There are 2 protein chains.
Amino acid sequence: MSLINRLDSQAGDFESRFMALLDRDGDAAVQVDETVRRILRAVREEGDAALLRYTRELDRLDCAEAAELEIPAERLSTALEKAEPAASEALTFAAERIRAYAERQKEEGWSFQDAQGNRLGQRVTALDRVGVYVPGGRAAYPSSVLMNIVPARVAGVGEIIMVVPAPDGVLNDLVLAAAALTGVDRVFTVGGAQAVAALAYGTATLPAVDKIVGPGNAWVASAKRQVFGRVGIDSIAGPSEVAIYTDGSLPPDWAAMDLFAQAEHDELAQSILVSPDSDYLDRVEAAMERLLSAMPRRDIIRASLSGRGALIDCHNEAEGLALINRIAPEHLELAVDDPDALLPSVRHAGAIFMGHHAPEAFGDYCAGPNHVLPTSGTARFASPLGVQDFQKRSSLIQCHPDGVSALAEASVTLADAEGLTAHARSAALRRPGGDQSA
Amino acid sequence: MSLINRLDSQAGDFESRFMALLDRDGDAAVQVDETVRRILRAVREEGDAALLRYTRELDRLDCAEAAELEIPAERLSTALEKAEPAASEALTFAAERIRAYAERQKEEGWSFQDAQGNRLGQRVTALDRVGVYVPGGRAAYPSSVLMNIVPARVAGVGEIIMVVPAPDGVLNDLVLAAAALTGVDRVFTVGGAQAVAALAYGTATLPAVDKIVGPGNAWVASAKRQVFGRVGIDSIAGPSEVAIYTDGSLPPDWAAMDLFAQAEHDELAQSILVSPDSDYLDRVEAAMERLLSAMPRRDIIRASLSGRGALIDCHNEAEGLALINRIAPEHLELAVDDPDALLPSVRHAGAIFMGHHAPEAFGDYCAGPNHVLPTSGTARFASPLGVQDFQKRSSLIQCHPDGVSALAEASVTLADAEGLTAHARSAALRRPGGDQSA
């Protein structure tokens, strides 16, 4: 059995195999939704008591009082002080680069006067309070802490609350060190749907937030979807993916390792390489066969590549880029000598790694742009997490006395056409001399 | 029985009455969700056949073939030509102002070089194809057509598909005229959850889109929530609301008519006036009593005001603005002589109408900023519909050979700390001389 699927864009079965590769709809997870609905209701109605109970049941973390769920600030700063110097330097380097990129995203308000002297504007302000979900246990990633909190801080969010489950009381010290580095305001050791519920509704101990961001498992995703509307949420993240387009100029060993890097996340992660050079695909496959055994996570890599991975022979560049656009990948590597020449043909991708020397791994950790990216083809309409997600806009409208007439006239006409008489009267009252006409 | 609720911020029962006023959670509408789930599945599996069947059953519009559901372009242009000149002039005036404001929102991409010569950027592109839902029947608003389509056009969306139900075959000609004015690409007479399903999944006749925007009833809202993820959606709109803050300088008749204008939308619309001047609130209430009988929609206004409306005595400005921030209103009128002095204290509002001469009605029709605004307190985290909703960002990362080392080193350190060996190797391979080290 081969390590990875091979597809040929001119084969008769290509369309069905390609569509199967992109099929991202698992079963509707109705049962998860029901369980989560119960948890949300319990935390909403019972507050801390339910939060403590679920944390005891699901994370085997037994606290007598909800206040014990909060990690003292000293524990965070101690984690940072005691971290390996190389690790804390790398975290600091990454945080600085993420901050520098985020600063450029910050939106400012503006206003202008129209021809009649009316003032129109767009005001931009930061969110008051944000909750950041950080997974615990096996997939505890300090890089995620930086990527979710730094842009919120740059936006000027008033208070940032982090939640991270501590199953069996276990916490990842480098996650705490990263939290310390970001200057997060408060951290609670809760997770799952119960943490999302507490952030959305608030409890006596854990304050309600205005928006919840951060990745999580199926329960967390379902909870975020269900509380959407009461609070804002970022996107619902699916499995991570990379698509590499290369004319064959990316060394096969590099291609193999880039595909492995994606596949090692979990069995559902997706690694796709598209090239018009069939012989090159053979060389990449040979490199993968040769390199796999040295990978500690080879079992996960193998499962991911055989289930969801693919080497696709696209026969020519135009067809290759068309496939890339259909994939709308979370990460795209344009591994060619002149990636700028291809860029205009790329319509959908979360992050684009240009040329041979920018592997996705740089983007995961420290290049600067966010590693929270649209998955599952949502790059067709969604964007990387950024400062924009922690700011909001308000429109401003102010009329100059000389500018009222034209607006009033059009408003009256359209309100009458829509049968909304009070709208029309409210507009007409602002006309010069209209004071007496109600 | 009084026309509108009166609250006093210093009364003992204020907190409970104020919270009841802001309680926006209806029952969970589980039954609607189930019905909608069935409709979505049917359209997804059966395509046009299900679309025709539901349109026949629910809108009593009987078409033999799905192609009959499309409105020919000539019908749109004829509607515009035959519209009352005053109406088509007002629509043109409004469309131009919406366009002018939207143009200023358009985001452009950027890139910069870091200290090591690496290139980092943010690319901004328009969505390929967008679906716009326009309600039909009783609440057929040509202004909504402009507000939803013009920003998409300004963003440069490739193709805009409008859907509008035609119950019993009835269409609003001014809605069609507005559609013609925006240069919408295609219009189909379908509505409800079946229209959302067709836009999300595509049928043989109606192409799948990347994002669905536009207001609708409970079925449409549930459908949008359920297809979110497969396509993008705008916010889930709740009932419309206005909050007016005034020191008493807004003429009582104007205040009354502004409150009526919001209340006439529907029974769930919410009109709140906050003032520190109790005598002024009496005068506004008297004006409302006097003016109501002349309003054609007085029954709706009365139901809305008695159920959801309120005049709130806030005793002082600081308390009044604190209440405004708790309301986080969709529309806020700052009806004072110097609204700029209050603006810094306003943290949450979808659109802010400054001073006495900018009633919400101007914003509904023709001021320029969008009338699709965050409702139900979501202005805490959400923004008005804008060009930004029809653009998406991609990150760009390109490494200069001299800039690789620092990124590789930090990536290797952090990947090793996270136990992701393939990430570390993928990064290490890009180091100078790293080609041979896989």
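Lettering of chains follows the sequences in order, A, B, ..., and the numbering in each one begins at 1. Just so it is clear, the structure is predicted and the values come from calculations on it, not from any experiment.
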Please classify the contact between [X] and chain A as side chain, backbone, both or neither, with a heavy-atom cut-off of under 4.5 Å.
X         : value
Asp416(B) : neither
Val124(B) : neither
Glu333(B) : side chain
Thr378(B) : side chain
Asp340(B) : side chain
Pro252(B) : neither
Ala86(B)  : both
Leu91(B)  : both
Asn172(B) : neither
Leu332(B) : neither
Pro339(B) : side chain

Tell me, out of [options], who's got the most heavy-atom pairs with chain B below 4.5 Å.
options                                    : answer
Phe93(A), Phe112(A), Phe390(A), Phe353(A)  : Phe112(A)
Arg225(A), Glu409(A), Glu360(A), Glu84(A)  : Arg225(A)
Gln262(A), His356(A), Glu89(A)             : His356(A)
Cys366(A), Ala294(A), Gly403(A)            : Cys366(A)
Ala126(A), Ala406(A), Ala417(A), Ala328(A) : Ala406(A)
Ala261(A), Ala410(A), Ala87(A), Gly386(A)  : Ala261(A)

Between Thr413(A) and Ala90(B), is there a donor-acceptor pair closer than 3.5 Å when you use the side chain of the first and the backbone of the second?
->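 No: the side chain of Thr413(A) does not pair with the backbone of Ala90(B).
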Test item: Arg380(B) side-chain N/O and Arg230(A) main-chain N/O as donor-acceptor pair under 3.5 Å |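 Yes; judged by distance alone, with no hydrogens or angles, the pair exists.
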Nearest 0.5 Å please: distance from the CD atom of Gln122(A) over to the CG atom of Asn370(B).
-> 11.0 Å
Atom pair CD (Glu107(A)) and CD (Glu107(B)), whose distance is rounded to the nearest 0.5 Å =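 One gets 6.0 Å once the value is rounded to the nearest 0.5 Å.
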Measure across [X] and [Y] and return the closest heavy-atom pair with its distance rounded to 0.1 Å.
X         : Y         : answer
Asp253(A) : Leu429(B) : O-CD1, 4.0 Å
Pro359(B) : Ala427(A) : CG-CA, 4.3 Å
Gly121(B) : Tyr101(A) : O-OH, 2.6 Å
Pro369(B) : Leu396(A) : CG-O, 4.4 Å
Leu120(B) : Arg97(A)  : CD1-NH2, 3.7 Å
Ala408(B) : Phe362(A) : CA-CE1, 3.6 Å

Aromatic ring centroids of Phe228(B) and Phe228(A) under 6.0 Å?
-> yes
His423(B) vs Tyr365(A) aromatic rings, parallel, tilted or perpendicular, using cut-offs 30° and 60°?
->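 It falls in the perpendicular class, over 60°.
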Sort [X] into side chain, backbone, both or neither according to what part of it lies under 4.5 angstrom from a heavy atom of chain B.
X         : result
Val130(A) : neither
Arg104(A) : both
Ala415(A) : both

Thinking salt bridges, do Asp128(B) and Arg347(A) make one under a 4.0 Å N-O criterion?
->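 A salt bridge links Asp128(B) with Arg347(A).
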Salt bridge between Arg425(B) and Asp258(A), side-chain N to carboxylate O under 4.0 Å?
->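 Answer for the salt bridge query: no.
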Going by atom types only, do Glu264(B) and Thr421(A) share a side-chain donor-acceptor pair under 3.5 Å?
->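 No pair is found: no donor N or O on one side chain lies under 3.5 Å from an acceptor on the other.
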Do [X] and [Y] come close enough that some side-chain heavy atom pair is under 4.5 Å?
X         : Y         : result
Leu343(A) : Arg123(B) : yes
Arg393(A) : Gln105(B) : yes
Leu414(A) : Ser143(B) : no

Heaviest contributor of heavy-atom pairs below 4.5 Å to chain A, chosen from Thr125(B), Val404(B), Leu373(B), is Val404(B)
